Amino acid sequence: MTWSVGISTGACTDLPITSVVEALRDSGARGLELGTPPRHFSPWEPTQVTALATSLTRSALHAVSIHAPFGGLLDLADPNPQHRHATVGAILVAARALKSLGGHVVVVHPSDRLREPADIEARLHDCVQSLVPLTAACEREGLVLALESPLPHLVGGRPDEFAWILQHAPPRLRVCLDTGHVALAGWWRRFMDVSAGRLVHVHANDNHGRFDDHLPLGEGTIDWAAIASSLTDADFDGWVMLELRRPDGDIGPYFRRAHAHALALLARGVQAGTDVAHPA
């Protein structure tokens, strides 16, 4: 495979990020995506950033990406320009925290607002207006801004809407595809096409086609062989981050098993795609 498989800390919303990092020491992963739920990690708190740096070093793990704050009034497509301005500011704080920790990919949602047909054009336009200064600011910091594919019922969650955003946003904006989100509507292939040349990051999780379950790979109905094959065909060389729900028990063994199984499952998918393309 030409990509690496890491783990997102964000599923453990009720645990401090430092304790999650320590638990992931022996997970098999070397790279992490940092979640920013309020009780998990506050990137605007210097003491938390410093403590996280220590935990990462002690655990021989490194920060690859950060899932920027979202939800509530933090929405890049909010109708209120003051809310959009605050959202950009919060994302930039998270981005600078990531930079100080050695990471480089900043993942953002286009919006978490429900799609309203009469309002969709205005929401897409406002999202782009937010992404213009945000992309430029991240580029000045030496960081990559990646727009995540939303759930299908949200603003930007349809392939045509996501394509419109990319067409009107700065060319340096990149893409993070969420396997669970796009699978709910059967749109993986269409989102891959829309993201051609801009895909730098993947959130990987499984589901049964009805809800955003965030299951470990192989525990739902997503066709991982097809996903692995399409990533190979696209010469994807970024990170596949396991974005999984928190288990009821010990998170260490859970993520260790999930990481090992994901590696094996994706590797088999790559091999299967190679065998089809280049039969013996």
Side-chain angles (χ1 to χ4, degrees), residues 6-21 24 31-57 61-78 82-113 126-150 154 156 165 169-170 172-178 200-203 238-239 241-243:
I7 296 174
S8 169
T9 71
C12 303
T13 56
D14 58 340
L15 293 176
I17 194 169
T18 49
S19 66
V20 176
V21 169
L24 295 178
L32 301 181
E33 177 161 305
L34 312 177
T36 56
R39 294 184 301 277
H40 180 65
F41 177 47
S42 298
W44 42 85
E45 292 287 350
T47 55
Q48 291 193 28
V49 176
T50 300
L52 176 54
T54 300
S55 293
L56 289 167
T57 300
L61 295 166
H62 70 275
V64 173
S65 53
I66 193 166
H67 198 310
F70 65 93
L73 297 181
L74 296 180
D75 195 299
L76 292 173
D78 194 283
Q82 293 180 325
H83 295 169
R84 296 198 302 274
H85 181 76
T87 303
V88 170
I91 292 171
L92 288 177
V93 170
R96 292 175 184 126
L98 176 69
K99 180 180 178 180
S100 74
L101 294 165
H104 67 286
V105 177
V106 180
V107 180
V108 298
H109 288 184
S111 178
D112 292 285
R113 298 177 66 87
D126 285 344
C127 177
V128 169
Q129 291 298 106
S130 299
L131 289 168
V132 170
L134 191 53
T135 305
C138 284
E139 187 171 8
R140 287 194 298 271
E141 296 284 351
L143 300 170
V144 175
L145 186 68
L147 189 69
E148 181 177 348
S149 53
L154 301 180
I165 294 172
R172 296 297 297 171
L173 178 67
R174 294 297 181 255
V175 170
C176 168
L177 289 185
D178 186 300
V200 297
H201 206 63
V202 172
H203 284 170
W239 281 82
M241 287 292 176
L242 303 182
E243 193 181 57

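Position 1 is the first residue of the sequence, and the numbers go up from there. This structure is a prediction, so every number in the text was calculated from the model and none was measured.
- Under the 4.5 Å side-chain criterion, counting only non-hydrogen atoms from C-beta, F41 is not in contact with T9.
- Taking CG of L61 as the reference point, atom CG of L56 lies at 6.5 Å (rounded to 0.5 Å).
- Panel note: side chain E148, backbone V107; no donor-acceptor pair is recorded below 3.5 Å.
- A perpendicular orientation is assigned to the rings of H109 and H67, their planes being inclined by more than 60° (bins at 30° and 60°).
- In this structure, T135 and L173 approach most closely via the heavy-atom pair CG2-N, 3.8 Å.
- Among all heavy-atom pairs drawn from I17 and G35, the shortest one is CD1-O, 4.2 Å.
- Taken from CZ in F70 to OG1 in T87, the straight-line distance is 12.5 Å, to the nearest 0.5 Å.
- Neither side chain, H203 nor S8, offers a donor N or O lying under 3.5 Å from an acceptor on the other.
- Atom CZ of R39 and atom SG of C12 lie 12.5 Å apart (nearest 0.5 Å).
- The distance from atom CZ of R140 to atom CG of L92, rounded to the nearest 0.5 Å, is 8.5 Å.
- Residues L32 and V20 have side chains not in contact (no heavy-atom distance under 4.5 Å, counting atoms from C-beta outward).
- Here CD of E33 is found 12.0 Å from CD1 of I7. Values are rounded to the nearest 0.5 Å.
- Annotation for V49 and L101: closest pair O-CD2, 3.8 Å, computed over non-hydrogen atoms.
- With hydrogens and angles ignored, the 3.5 Å screen pairs no side-chain donor or acceptor of T50 with any backbone N or O of T47.
- At least one side-chain heavy atom of P110 sits under 4.5 Å from a side-chain heavy atom of P150.
- Closest non-hydrogen pair, G10 versus P37, comes out as O-CG, 3.9 Å.
- Taking a cutoff of 4.0 Å between a charged side-chain nitrogen and a carboxylate oxygen, D75 and R113 do not qualify as a salt bridge.
- Residues L147 and V108 form a side-chain contact, since some pair of their non-hydrogen atoms from C-beta on lies under 4.5 Å apart.
- In this structure, the side chains of E141 and V106 stay at 4.5 Å or more apart for every pair of heavy atoms.
- Inter-residue side-chain proximity for L76 and L134 is flagged as met; some heavy-atom pair is nearer than 4.5 Å.
- Checked by atom type, the side-chain pair D178/S149 shows no donor-acceptor distance below 3.5 Å.
- Here OG of S111 is found 11.0 Å from CZ of R84. Values are rounded to the nearest 0.5 Å.
- In this structure, H201 contributes its side chain and R174 its backbone to no donor-acceptor pair below 3.5 Å.
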- Task: Quick one: do H104 and V64 satisfy side chain to side chain contact (heavy atoms under 4.5 Å, CB included)? Show the steps, please.
- Result: CA-CA 6 Å; H104 67 286; V64 173; 3.9 Å; yes
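- Residues K99 and L143 come closest through the heavy atom pair CB-CD2, 4.1 Å.
- A pairwise comparison of heavy atoms in V105 and A146 identifies CG1-CB, 4.0 Å as the closest pair.
- Within 6.0 Å of atom NE2 in H62, more than 12 heavy atoms from other residues, nucleotides or ligands are found, so the atom counts as buried in its surroundings.
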